[in-house]
Amino acid sequence: MRVEYINPFVDSAMQILSSTVSKDLKRRDISLKPSLTPMMGVVIIVGLAGQVSGQVSGRLIIDTDKDTALKIASAMNQEELKEFDEMTYATLTELANMITGKAVTKLHELGFQFDLTPPALFTGDNIQISDNKIESLVVPIEMPQGRVEIIVGIKEN
């Protein structure tokens with residue numbers, strides 16, 4: 001996976017979270033995600049497909065726990081949200097739209113073309129995502145609301 005695909009997503013996540021949730025962000029060390037991975041409980045997935053020197057495909061995953069997700073949605077709405085309702089889902093999927101939109105704009109400026117799927121949000125215990133065909137890099141971000149992982153997996157076909 002080429003690093004020029006990854007950095008726009010991580011940079012966009014840091015910028016969007018900083019402007020909408022908290023200025024106090026700490027980016028932690030990047031790691032590889034195993035092919036079968038337990039998630040924290042709230043997962044937003046955006047599919048990616050595009051043209052570079054050939055076809056590329058992949059996904060952006062935003063992973064966090066339920067408490068952190070509620071705190072993020074509350075900060076973005078500037079009011080306390082206490083449950084996962086339509087407002088919470090809409091806010092979190094909009095967060096994913098903002099991050100991916102900004103990243104894809106940066107990639108377009110570098111000459112890459114990507115199309116996106118609408119964000120899909122999943123909640124629950126024991127969520128696992130498996131895709132042994134795509135290597136994924138994980139960038140943990142710590143903030144006062146909790147931990148969020150930005151997971152980017154892109155492969156060239």
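Any value given below was found using the heavy atoms of this structure, including those in side chains, with hydrogens, waters and symmetry copies removed.
- When atom types are taken as modelled, the side chain of Ser12 and the backbone of Thr100 share no donor-acceptor pair closer than 3.5 angstrom.
- A continuous path of ILVMFWY side-chain contacts below 4.5 Å connects Met14 to Ile62, so both sit in one hydrophobic cluster.
- The backbone N or O of Leu81 sits less than 3.5 Å from a side-chain atom of Ser74, completing a donor-acceptor pair.
- Within a 6.0 Å radius of CD in Gln78, no more than 12 heavy atoms belonging to other residues, nucleotides or ligands are found.
- Across all non-hydrogen atoms, the minimal contact from Gly146 to Thr68 is CA-OG1, 3.5 Å.
- Ile127 approaches Gly41 most closely through the heavy-atom pair CD1-O, 3.9 Å.
- Taking NZ of Lys155 as the reference point, atom CG of Leu48 lies at 13.0 Å (rounded to 0.5 Å).
- Judged by distance alone, with hydrogens and angles left aside, the side-chain atoms of Thr64 form a donor-acceptor pair with the main-chain N or O of Arg147 at under 3.5 Å.
- Closest heavy-atom contact between Phe9 and Leu107: CE1-CD1, 3.7 Å.
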Exercise for the section: I would like to know whether Met98 and Met76 meet side chain to side chain contact (heavy atoms under 4.5 Å, CB included); could you show each step before the answer? Expected result: CA-CA 12 Å; Met98 292 165 67; Met76 290 179 69; 4.2 Å; yes
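- Remark: the Arg59 side chain and the Thr117 side chain contain no N/O donor-acceptor pair separated by less than 3.5 Å.
- Rounded to the nearest 0.5 angstrom, Leu95 CG and Ile44 CD1 are separated by 6.0 Å.
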Practice task
Carefully, step by step, assess Met39 and Ile61 under the rule side chain to side chain contact (heavy atoms under 4.5 Å, CB included).
Solution key: CA-CA 10 Å; Met39 306 308 274; Ile61 299 173; 3.7 Å; yes
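- Counting non-hydrogen atoms of other residues, nucleotides and ligands closer than 6.0 Å to NZ of Lys66 gives a total of 12 or fewer.
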Practice task
Begin with the C-alpha distance, continue with both residues' side-chain angles, and end with the deciding distance and a verdict on side chain to side chain contact (heavy atoms under 4.5 Å, CB included) for Val42 and Asp65.
Solution key: CA-CA 5 Å; Val42 177; Asp65 61 57; over 6 Å; no
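- Annotation: Asp85, atom CG; neighbour count of heavy atoms from other residues, nucleotides and ligands within 6.0 Å is above 12.
- Annotation: the span from Leu17 atom CG to Leu25 atom CG amounts to 6.0 Å, rounded to 0.5 Å.
- Both Ile6 and Leu32 are part of a single hydrophobic cluster, where members link through side-chain heavy atoms under 4.5 Å apart.
- For the side-chain contact (heavy atoms from CB on, under 4.5 Å) with Val152, the lone residue among Asn7, Leu137, Leu60 that qualifies is Leu60.
- With values rounded to the nearest 0.5 angstrom, Phe84 atom CZ is found 5.5 Å from Leu92 atom CG.
- Here the straight-line distance linking atom CD of Glu142 with atom NZ of Lys26 works out to 8.5 Å at 0.5 Å rounding.
- Taking both residues in full, the closest heavy atoms of Pro140 and Asp29 are given as CD-O, 3.3 Å, listed atom of the first, atom of the second, then distance.
- Val21 and Met143 get closest at one heavy-atom pair: CG1-SD, 3.7 Å.
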Handout entry: Stepwise side chain to side chain contact (heavy atoms under 4.5 Å, CB included) check, Ile30 with Val138
Key = CA-CA 5 Å; Ile30 294 173; Val138 180; over 6 Å; no
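- Leu121 and Val148 fall within a single hydrophobic cluster, where Ile, Leu, Val, Met, Phe, Trp and Tyr side chains are chained together by heavy-atom contacts under 4.5 Å.
- The two residues Val43 and Ile45 make their nearest non-hydrogen contact at CG1-CG1, 3.7 Å.
- Between the side chain of Ser57 and the main chain of Ala49, no donor-acceptor pair closer than 3.5 Å is present.
- We find the CD-OG distance between Glu149 and Ser136 to be 11.5 Å, quoted to the nearest 0.5 Å.
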